[in-house]
Amino acid sequence: LTFVDLAGPEVILHLSGKFWHRRETVLGRAAVWLNARMPEITAVRVSDMEELNDFEEVTDEFTGEVIYKEDKRAPDFNGDRETMEYQGIDPDIRGPFPQGVGGLRPGGSMINPA
């Protein structure tokens with residue numbers, strides 16, 4: 001993540017590199033982190049909406065056909081992301097706590113970045 005601009009209460013970030021989580025989840029968690037430290041922030045955006053795509057289409061320069069899709073996610077070194085996606089589980093909501101935990105319950109967080 002790279003800071004690009006601060007336009008009043010809006011922050012503009014640049015996503016580069018590879019992330020294990022979906023890029024929109026990374027941006028959401030960055031927004032929660034920034035807002036926790038600076039409550040005046042009303043919006044956190046990216047400089048280009050293409051940065052939120054997890055896959056990049058590589059096209060032929062002459063025909064414009066899509067040759068292949070390049071994965072912009074980090075390698076799944078132990079296969080758990082692929083397994084969860086196969087089972088229909090969203091890997092971005094995984095964690096040590098079941099879905100019912102949070103909010104005003106003991107040990108819960110009122111901030112839900114997903």
Side-chain angles (χ1 to χ4, degrees):
L1 291 171
T2 307
F3 173 77
V4 175
D5 191 22
L6 178 65
E10 294 185 5
V11 174
I12 300 173
L13 299 175
H14 173 71
L15 288 132
S16 62
K18 297 183 177 235
F19 303 100
W20 192 89
H21 290 284
R22 289 189 322 246
R23 295 171 85 77
E24 63 187 33
T25 302
V26 172
L27 180 68
R29 291 182 179 179
V32 168
W33 187 87
L34 285 169
N35 194 265
R37 278 137 188 87
M38 295 176 274
E40 304 83 21
I41 294 175
T42 60
V44 177
R45 300 183 293 121
V46 289
S47 53
D48 182 16
M49 292 304 288
E50 289 290 320
E51 295 176 27
L52 293 178
N53 295 338
D54 289 323
F55 297 93
E56 181 178 356
E57 293 182 345
V58 178
T59 57
D60 185 348
E61 62 180 273
F62 300 111
T63 63
E65 289 184 27
V66 175
I67 300 171
Y68 64 93
K69 289 186 178 184
E70 184 177 333
D71 193 355
K72 296 193 310 188
R73 299 179 298 177
D76 188 14
F77 69 95
N78 62 356
D80 59 350
R81 179 178 60 210
E82 183 179 350
T83 302
M84 285 187 276
E85 289 173 349
Y86 176 78
Q87 294 173 345
I89 300 169
D90 184 3
D92 288 337
I93 61 169
R94 74 179 194 149
F97 306 108
Q99 285 292 81
V101 175
L104 298 174
R105 289 180 281 278
S109 172
M110 294 182 63
I111 299 173
N112 184 10

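Numbering of residues begins at 1 and proceeds along the displayed sequence. Values below: all heavy atoms of this structure, side chains included; hydrogens, waters and symmetry mates excluded.
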Practice problem: Start with the C-alpha gap between V66 and V58, add the side-chain angles, then the distance that decides, and say whether side chain to side chain contact (heavy atoms under 4.5 Å, CB included) holds. | Solution: CA-CA 6 Å; V66 175; V58 178; over 6 Å; no

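Contact check for M84 versus D90: no side-chain heavy atoms found under the 4.5 Å cut-off. The shortest side-chain heavy-atom distance between I67 and T59 does not fall under the 4.5 Å cut-off.
Residues L6 and V32 fall into different hydrophobic clusters, defined by Ile, Leu, Val, Met, Phe, Trp and Tyr side chains chained together at heavy-atom separations under 4.5 Å. Linking ILVMFWY residues whenever their side-chain heavy atoms come closer than 4.5 Å, directly or via other members, leaves Y86 and F55 in distinct clusters. Under the 4.5 Å side-chain contact rule for hydrophobic residues, I12 and L27 do not share a cluster. Under the 4.5 Å side-chain contact rule for hydrophobic residues, V4 and F19 do not share a cluster.
The closest donor-acceptor contact from the side chain of K72 to the backbone of N53 lies under 3.5 Å. Counting only distance, with no hydrogens or angles, the side chain of D54 and the backbone of R22 share no donor-acceptor pair below 3.5 Å.
For CD of Q87, the number of neighbouring non-hydrogen atoms (other residues, nucleotides, ligands) closer than 6.0 Å is greater than 12. Residue F3 places its CZ atom among more than 12 non-hydrogen atoms of other residues, nucleotides or ligands, all under 6.0 Å distant. In this structure, E82 places its CD atom where only 12 or fewer heavy-atom neighbours from other residues, nucleotides or ligands lie under 6.0 Å away. Around NZ of K18, the count of heavy atoms belonging to other residues, nucleotides or ligands within 6.0 Å exceeds 12.
Between atom CG of residue L15 and atom CG of residue L1 there is a gap of 5.0 Å, rounded to the nearest 0.5 Å. The distance from the CD atom of E24 to the CE atom of M49 is 9.0 Å, given to the nearest 0.5 Å.
Salt bridge status for E51 with R23: absent, with no side-chain N to carboxylate O gap under 4.0 Å.
Here the closest heavy-atom approach between residue R81 and residue P75 is recorded as NH2-C, 4.1 Å. Scanning both residues, P91 and W20, for their nearest heavy atoms gives CB-CH2, 3.6 Å.
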